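Below is one structure, written out as structure tokens; comments come after it.
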Protein chains: 2
Amino acid sequence: MIRAVARAATTTDAFNAVAEPRRRQILDLLAGGERPVNDLARLLGLTQPQVSKHLRVLRAVGAVDVRDEGRQRLYRLNGHALKPIYDWVTKYERSWSERFERLDVVLEELKDEERRDGES
Amino acid sequence: MIRAVARAATTTDAFNAVAEPRRRQILDLLAGGERPVNDLARLLGLTQPQVSKHLRVLRAVGAVDVRDEGRQRLYRLNGHALKPIYDWVTKYERSWSERFERLDVVLEELKDEERRDGES
DNA sequence: GAATCATATTCCCATATAGGCATGTGTCAA
DNA sequence: TTGACACATGCCTATATGGGAATATGATTC
């Protein structure tokens with residue numbers, strides 16, 4: 001029985017998983033190809049358990065896949081898990097895109113004209 | 001003096017702020033124009049304090065601006081705060097974009113050819 | 001000034017971390 | 001079999017929630 005839902009678990013979805021900067025860094029590294037855990041730990045200056053825990057979260061939301069290679073476990077990026085984030089944030093692209101900003105200027109001018117027409 | 005850093009505060013950056021679904025919904029509503037708090041509460045089926053708290057977080061990361069209008073406080077979207085998310089996630093677009101997927105197929109074929117050449 | 005409306009803040013609680021550290025598990029080599 | 005190596009997991013602690021409820025603040029109207 002769930003009693004209280006403080007903050008959603010990091011494993012709830014991609015949004016919560018990548019809120020942690022270290023996990024974004026891990027994904028950025030894996031974008032260059034699959035890597036074993038110790039590689040990631042060394043490159044990021046983290047302890048091995050830290051990396052393993054972060055990878056567990058990333059696995060839970062499907063952002064990485066694993067493959068056994070001898071004693072090593074090679075982690076590989078699975079970018080599909082990030083698509084919901086892309087889809088959501090893309091709606092706001094007009095807020096900073098120059099292309100859209102110019103359109104906004106035009107719309108503002110039209111609005112001003114309407115306002116003047118209404119006053120007359 | 002900071003003793004332990006469990007999970008980063010929701011007000012740390014946009015990534016942490018929008019990890020909460022309710023806050024994304026609020027931004028989605030504000031994308032349609034500025035709105036008072038009670039409006040948002042009614043549309044989302046939340047209590048007024050809940051909405052005020054979420055808005056406080058969104059304000060902290062610069063995702064919304066406020067304007068006083070009599071007794072009401074009109075909140076307005078500021079999409080610029082979401083640009084870091086867009087910039088980060090866009091790097092992974094090739095993971096699901098058909099356009100890039102076709103490119104991947106070509107690259108795979110080239111890799112296979114190299115492999116066969118190496119064996120001969 | 002009093003009552004009312006709109007919003008913000010505070011208090012309390014249960015929860016899920018992230019870090020540090022120790023330890024368990026599985027694989028390879030001698 | 002025994003080490004040694006690579007990785008995963010468990011335990012402990014302090015922290016920052018998010019929800020609910022009550023209350024404080026601020027502006028408007030009577």
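Each chain gets a letter, A, B and so on, in the order the sequences are listed, and its residues count up from 1. Remember, it's a predicted structure, so these values are computed and weren't measured experimentally.
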First locate atom CG of Leu58(A), then atom CZ of Arg22(A), and finally report the distance between them rounded to the nearest 0.5 Å. 13.5 Å
Taking only residues at least two apart or on different chains, which pairs with a member in residues 12-21 of chain B satisfy salt bridge (Lys or Arg N to Asp or Glu O under 4.0 Å)? none
Test salt bridge (Lys or Arg N to Asp or Glu O under 4.0 Å) applied to Arg73(B) - qualifying residues, sequence neighbours left out: Asp68(B)
Residues 37-48 of chain A side chain polar contacts: donor-acceptor under 3.5 Å, at least two apart:
residue, atom, partner, partner atom, Å
Asp39(A), OD1, Arg42(A), NH2, 3.0
Asp39(A), OD2, Arg35(A), NH1, 2.7
Thr47(A), OG1, Gln50(A), N, 3.3
Thr47(A), OG1, Gln50(A), OE1, 3.2
Gln48(A), NE2, Ser52(A), OG, 3.0

About how many Å separate CH2 of Trp88(B) and CG of Asp28(A), when rounded to the nearest 0.5 Å? 6.5 Å
Reading nucleotides 24-30 of chain D 5' to 3', which nucleotides get B (base under 4.0 Å from a protein heavy atom), which S (sugar-phosphate only), which -? ---SSS-
Close residues, residues 38-63 of chain A, relative to DNA chain D [heavy-atom separation under 4.0 Å]: Asn38(A), Gln48(A), Pro49(A), Ser52(A), Lys53(A), Arg56(A)
Flag the pair Tyr92(A) / Trp96(A) as yes when their ring centroid distance falls below 6.0 Å, and as no otherwise. no
Arg24(B): which residues meet the side-chain hydrogen bond (donor to acceptor under 3.5 Å, both in side chains) condition with it, sequence neighbours left out? none
Non-neighbouring partners of Asp65(B) that pass side-chain contact (heavy atoms from CB on, under 4.5 Å), sequence neighbours left out: Asn78(B)
Specify the residues of residues 8-17 of chain B, ordered by number, for which at least one heavy atom lies under 4.0 angstrom from an atom of DNA chain D. Ala9(B), Thr10(B)
How long is the line joining CZ of Arg7(B) and P of dA16(D), in whole Å? 13 Å
Could you pull out all residues at least two apart from Arg71(B) that satisfy salt bridge (Lys or Arg N to Asp or Glu O under 4.0 Å)? none
Applied to residues 50-61 of chain B, the salt bridge (Lys or Arg N to Asp or Glu O under 4.0 Å) test, sequence neighbours excluded, yields none
Without swapping roles, check the side chain of Arg76(B) against the backbone of Glu34(B) for a donor-acceptor pair under 3.5 Å. no
Gap separating the CZ atom of Arg67(B) from the CG atom of Leu74(B), nearest 0.5 angstrom: 5.0 Å
Note the angle between the end axes of the helix from dG1(C)-dC30(D) to dA30(C)-dT1(D), five pairs defining each, rounded to 10 degrees. 10°
Rounded to the nearest 0.5 Å, what separation is found between the CD atom of Glu93(A) and the NZ atom of Lys91(A)? 13.5 Å
Enter the distance from Thr12(B):OG1 to Arg7(B):CZ here, rounded to the nearest 0.5 Å. 11.0 Å
Write down the distance between CD (Gln72(A)) and P (dA29(C)), rounded to a whole number of angstrom. 12 Å
Can you figure out which of dA8(D), dA8(C), dA14(C) approaches the side chain of Ala6(A) most closely? dA14(C)
Is Val57(B) reachable from Leu29(B) through a run of I, L, V, M, F, W or Y residues, each pair having side-chain heavy atoms under 4.5 Å apart? no
Residues touching DNA chain C, which here means a heavy atom under 4.0 Å, drawn from residues 22-33 of chain B: none
Report yes if a side-chain nitrogen or oxygen of Tyr75(A) is closer than 4.0 Å to either non-bridging phosphate oxygen (OP1 or OP2) of dA8(D); otherwise report no. yes
